[in-house]
Amino acid sequence: MSRLEERIRAARAEGRAALVAYLPVGYPDVEASIAGMVAAVEGGADVVEIGVPYSDPGMDGPVIQQAVEPAVRAGVGIRDVLRAVEAVDAAGAVPVVMSYWNPIERYGVERFAADLAAAGGAGAITPDLIPDEAGAWLAASEERGLDRVFLVAPSSTDARLRSTTAACRGFVYAASTMGVTGTRATVGDAAETLVTRTRAVTDVPVCVGLGVSNGDQAAEVAGFADGVIVGSAYVREMLEGRGPDGVRRLSQELAEGVRRQAVRP
Amino acid sequence: MTSSAVHPTQERPAPPARPSWPDATGHFGVFGGRFVPEALIAALDELTEAYEAMRVDPAFLAEFAALQRDYTGRPSPVTEVPRFAEHCGGARVLLKREDLNHTGSHKINNVLGQALLTKRIGKQRVIAETGAGQHGVATATAAALMGLSCTVYMGEEDTRRQALNVARMRLLGAEVVPVTTGSRTLKDAINEAFRDWVTNVETTNYVFGTVAGPHPFPAMVRDFQRVIGDEARAQVLEREGRLPDAVLACVGGGSNAIGIFTAFVPDDGVRLIGLEAGGDGVDTGRHAATITGGAPGVLHGARSYLLQDDNGQTVESHSISAGLDYPGVGPEHSHLHDIGRAEYRPVTDAEAMEAFALLCRTEGIIPAIESAHALAGTMRLGRELGPEALLLVNLSGRGDKDVETASRWFGLGDRSEVDPGPGMDTDQHATEGAVASGDAVPGQDAGGVA
Ligand SMILES: Cc1ncc(COP(=O)(O)O)c(C=O)c1O
């Protein structure tokens with residue numbers, strides 16, 4: 001079974017959702033960002049999404065853009081990402097790379113798959129790659145036994161939910177709202193509806209991202225999803241200078257949230 | 001699926017034959033496609049379906065044709081420019097006058113089509129990106145005409161370079177949002193527009209300004225722009241009894257070039273030449289010559305050539321021309337390049353400005369600096385081909401918006417003596433650079449206009 005799915009099912013066996021933390025490599029620098037990821041794991045993250053900095057992050061809001069821009073300028077690339085993968089693996093969480101497509105294509109799809117597998121990575125999430133365009137990645141991930149996570153959205157038709165989830169392995173990334181990454185005051189009903197619609201067409205675990213920033217929201221999402229993905233809130237800890245300590249504290253709060261019996265508002 | 005079943009016969013203008021590309025999923029050979037977040041797929045599907053129905057719908061075609069005639073002022077004329085041609089090795093030069101369109105460039109051709117489509121799919125708000133401001137002005141214009149609300153994203157850097165167009169958009173009732181992320185130019189404006197679209201897709205249509213972006217934009221924008229070449233081919237045949245030897249156009253994203261090329265693609269004897277912005281020179285690294293100096297990759301929703309580094313990061317482009325200052329290019333151009341049907345050549349800032357000055361002085365036509373790149377390419381090609389050659393050039397826009405930039409380039413400033421003269425060289429540019437950096441830059445407070 002896929003490493004991601006195995007970890008998420010293990011959480012489910014404990015009667016809780018998995019906690020998935022996102023941080024980009026290279027902010028404020030490579031070492032410090034890796035320290036942040038390790039702290040996220042120490043605080044209770046099951047999976048770390050290791051972000052590849054990209055110059056044109058069309059799906060990201062201002063918080064993530066702000067952290068990624070200096071990393072791009074500093075020339076952070078896949079090689080640095082692979083070091084982060086090793087560190088997260090050693091810390092005991094499942095590392096999965098989160099990357100817009102062009103950095104992977106430029107590195108070489110087969111080379112990326114080989115190097116990611118060798119570094120101990122479970123697979124990759126590709127927010128601007130739909131399965132329809134993913135021929136080379138489907139083949140390379142198949143060959144290396146890597147997971148591949150594609151996104152579904154509230155606007156996805158049932159037919160697309162079926163075809164997209166059929167290409168997913170590890171988990172399905174349910175983008176909870178129509179919009180870009182960033183913290184939000186409320187998670188919204190669209191997320192639960194989307195999870196329900198997605199579950200109707202696949203047995204692959206469904207994790208929800210976009211907008212979760214605190215323990216209460218994590219608990220709410222944990223009430224209907226297999227995993228809770230948190231990005232901007234972690235990045236804000238780094239941006240505001242609270243570093244690994246802040247990240248660890250946030251992870252602890254979120255880890256408590258995904259274990260709480262969710263109270264639906 | 002199409003409404004042709006509903007309107008059976010009667011004076012249906014036959015939809016023009018399209019090239020065999022793209023395929024059903026938007027691929028031009030290995031280029032194009034859709035590289036976007038899943039959240040946008042439904043909107044792109046909706047747009048594709050609505051457009052495919054609309055482009056063969058006689059009611060739409062009639063409405064579109066009437067707007068082009070009565071509002072834009074089509075057909076645009078073809079003008080022979082003999083005094084300019086003296087500097088082109090004696091070749092004969094014909095200009096296709098898109099500068100005479102309402103709003104001053106070819107951009108209006110595409111925007112009227114997409115604005116009609118917006119109404120057809122029942123959306124009330126349009127968004128657009130703009131570099132030079134011409135697409136933004138065209139979109140603001142169409143929005144005013146059709147009663148749509150309009151937001152235009154424009155790199156902060158470009159709002160300074162093209163202050164006049166910022167004012168025009170605001171006068172037309174559009175909201176102009178200066179974009180302060182990344183390089184603060186067109187590529188970042190496109191990122192911001194996509195972010196807006198994914199958030200507001202239920203109410204909003206994205207009116208994309210060039211033949212780039214995810215399917216269906218490259219094919220749809222081409223279809224709306226191909227009127228340039230359809231007209232020009234007939235006009236040249238009628239006045240000359242022959243086809244031109246070459247067709248030249250500047251290439252930013254590539255819409256005016258595809259617009260004039262498309263009708264000539266089946267004419268094997270006609271060379272198609274795209275002029276890219278060479279900035280300070282391709283070997284300096286400071287340029288926007290995407291096909292000449294880039295490599296295939298993915299940017300803004302499609303696979304095409306782009307300027308990128310070893311990490312796959314988009315490299316900032318440089319050009320004196322805001323409308324060409326873009327590190328990507330439409331996928332159909334990448335395909336035309338790869339199959340050898342079109343050639344792409346770089347033109348430096350200095351070469352473009354020389355051609356700019358020359359057209360002003362010899363013909364009384366102030367071109368857009370974008371279009372001046374095509375003129376510079378024409379000067380070079382004319383010298384290569386000699387007096388027998390007949391060259392057709394797309395004059396994609398007029399230069400009103402560029403008067404400030406040109407004045408600074410030529411060091412006109414408040415001097416009374418105005419004589420850049422053809423053949424002025426880079427020394428003058430160097431002198432001018434000192435002038436520009438010492439002076440307050442006019443238009444610096446573009447954000448406050450209107
Ligand atoms: C007059 C003019 N020509 C050309 C361009 C470049 O765009 P494209 O390559 O899509 O024609 C622009 C863009 O703003 C423009 O304003």
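- For the pair Leu299(B) and Asp56(A), the minimum side-chain heavy-atom distance is below 4.5 Å.
- Gly77(A) approaches Asn311(B) most closely through the heavy-atom pair CA-OD1, 3.7 Å.
- Between the side chain of Glu133(A) and the main chain of Arg34(B), a donor-acceptor pair closer than 3.5 Å is present.
- The greatest number of non-hydrogen atom pairs below 4.5 Å with chain B, out of Arg73(A), Gln66(A), Glu69(A), Arg79(A), is found for Glu69(A).
- The number of heavy atoms from other shown groups lying within 6.0 Å of CD (Glu240(A)) is above 12.
- Put simply, CZ on Arg303(B) and CH2 on Trp101(A) are 8.5 Å apart, with the number rounded to the nearest 0.5 Å.
- Within the 4.5 angstrom heavy-atom criterion, atoms from both the backbone and the side chain of Pro57(A) approach chain B.
- The residue from Thr164(A), Asp128(A), Leu161(A) that alone fulfils the side chain to side chain contact (heavy atoms under 4.5 Å, CB included) condition with Glu38(B) is Thr164(A).
- Only the backbone of Pro127(A) comes within contact range of chain B, judged by heavy atoms closer than 4.5 Å.
- Listed for the Asn102(A) side chain is no donor-acceptor partner under 3.5 Å among the backbone atoms of Gly297(B).
- When all heavy atoms are compared, the tightest approach of Arg106(A) to Ala295(B) is NH1-CB, 3.7 Å.
- Interface remark: Thr157(A) contributes no atoms to any contact with chain B (heavy atom separation under 4.5 Å).
- Of the listed residues (Ala42(B), Pro37(B), Gly33(B)), the greatest number of heavy-atom pairs within a distance under 4.5 Å of chain A belongs to Pro37(B).
- Of the two parts of Asp60(A), only the backbone, made up of N, CA, C and O, holds a non-hydrogen atom closer than 4.5 Å to a non-hydrogen atom of chain B.
- In terms of heavy atoms, Ala39(B) sits closest to Ser155(A) at O-OG, 2.9 Å.
- For Tyr54(A), the parts lying under 4.5 angstrom from a heavy atom of chain B are both the backbone and the side chain.
- At a 4.5 Å heavy-atom cutoff, the contact between Val76(A) and chain B is made by backbone atoms alone.
- At a threshold of 4.5 Å between non-hydrogen side-chain atoms, the residues Gln308(B) and Glu105(A) do not count as touching.
- Only the side chain of Arg160(A) comes within contact range of chain B, with at least one heavy atom under 4.5 Å from a heavy atom of that chain.
- Pairs engaging residues 146-166 of chain A under the ring pair (Phe, Tyr, Trp, His ring centres under 6.0 Å) rule: none recorded [sequence neighbours left out].
- Looking at Phe35(B) and Ile130(A), their side chains never come closer than 4.5 Å, going by heavy atoms from C-beta outward.
- Taking non-hydrogen atoms and a 4.5 Å limit, the residue list of residues 189-201 of chain B in contact with chain A, ordered by number, reads Asn191(B), Glu192(B), Arg195(B), Val198(B), Thr199(B), Val201(B).
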